[in-house]
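To keep things clear, I will list the structure first and then write my remarks on it.
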Amino acid sequence: MTVLSCSAVTCVYNKEELCSKGDIKVGGSEATKKDQTCCESFIERKDGSMSNSEKSGYTTIGIDCEAQECVYNEERECFAGAINVGGNEASTSEETRCSTFRCE
């Protein structure tokens with residue numbers, strides 16, 4: 001499991017910059033830079049959607065990773081010690097990114 005911090009505060013799963021989903025999927029199978037990745041699990045928070053949830057954010061999380069060129073990707077799983085998902089004003093998953101992505 002990887003430590004995740006998330007600045008995509010507009011996501012329904014974001015709880016105090018942690019993810020309350022428990023696992024995420026990072027997209028970008030052809031990515032060669034971080035701007036070509038995204039959090040495919042992102043869902044924009046709408047009025048009344050989970051924002052008042054009592055479910056807490058997780059400090060460690062399972063990450064399924066499509067970014068094949070990332071140095072932390074081992075058989076489609078992220079093995080970085082910690083990552084950051086960026087996208088503080090995102091309204092779609094394409095507006096997020098894995099800020100920790102590093103190309104081989």
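If you read the sequence from its start, that first residue is 1, and numbering goes on from there.
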Inset, instruction - Keeping the roles fixed (side chain from N84, backbone from S99), state whether a donor-acceptor pair exists under 3.5 Å. - result: no
Legend entry - Closest non-hydrogen atom pair, F42 against T96: CD1-CG2, 3.8 Å
Inset, instruction - Taking side chain to side chain donor-acceptor pair (under 3.5 Å) as the test, write out the residues that go with N88, two or more places apart. - result: none
Inset, instruction - For T2 and T60, run side chain to side chain contact (heavy atoms under 4.5 Å, CB included): C-alpha distance rounded to whole Å, both residues' side-chain angles, the deciding distance at 0.1 Å, then the answer. - result: CA-CA 5 Å; T2 300; T60 58; over 6 Å; no
Inset, instruction - Any pair with a residue in residues 33-42 that passes side chain to side chain donor-acceptor pair (under 3.5 Å), sequence neighbours left out, goes on the list, sorted by first then second residue, please. - result: T32-Q36
Legend entry - N/O donor-acceptor pair under 3.5 Å between T10 side chain and A90 backbone: yes
Inset, instruction - Count the heavy atoms of every other residue, nucleotide or ligand shown that sit under 6.0 Å from CD of E74, and state whether that count exceeds 12. - result: yes
Legend entry - Hydrophobic cluster of I83, others only, ordered by chain and residue number, side-chain cut-off 4.5 Å: L4, I24, V26, I61, I63, V85
Inset, instruction - Provide the full list of salt bridge (charged side-chain N to carboxylate O under 4.0 Å, His left out) pairs with a residue in residues 63-72, sequence neighbours left out, each pair given once. - result: K25-E66, E66-R76
Inset, instruction - Check whether any side-chain heavy atom of N14 lies under 4.5 Å from a side-chain heavy atom of R45, and answer yes or no. - result: yes
Inset, instruction - With sequence neighbours excluded, tell me which residues meet side-chain contact (heavy atoms from CB on, under 4.5 Å) with N73. - result: C65, Q68, C70
Inset, instruction - Could you pull out the closest heavy-atom pair between C39 and S93, with the gap in Å? - result: O-CB, 3.1 Å
Legend entry - Minimum side-chain heavy-atom gap S91-E44 below 4.5 Å: yes
Inset, instruction - Any salt bridge (charged side-chain N to carboxylate O under 4.0 Å, His left out) involving residues 82-102? Give me the pairs, sequence neighbours left out, ordered by first then second residue. - result: none
Legend entry - Linked hydrophobic residues, F79 as query - side chain contacts closer than 4.5 Å: none
Legend entry - Any F101 side-chain heavy atom under 4.5 Å of C103 side chain: yes
Inset, instruction - Check for a donor-acceptor pair, side chain of S20 on one end and backbone N or O of Y13 on the other, with a separation under 3.5 Å. - result: yes
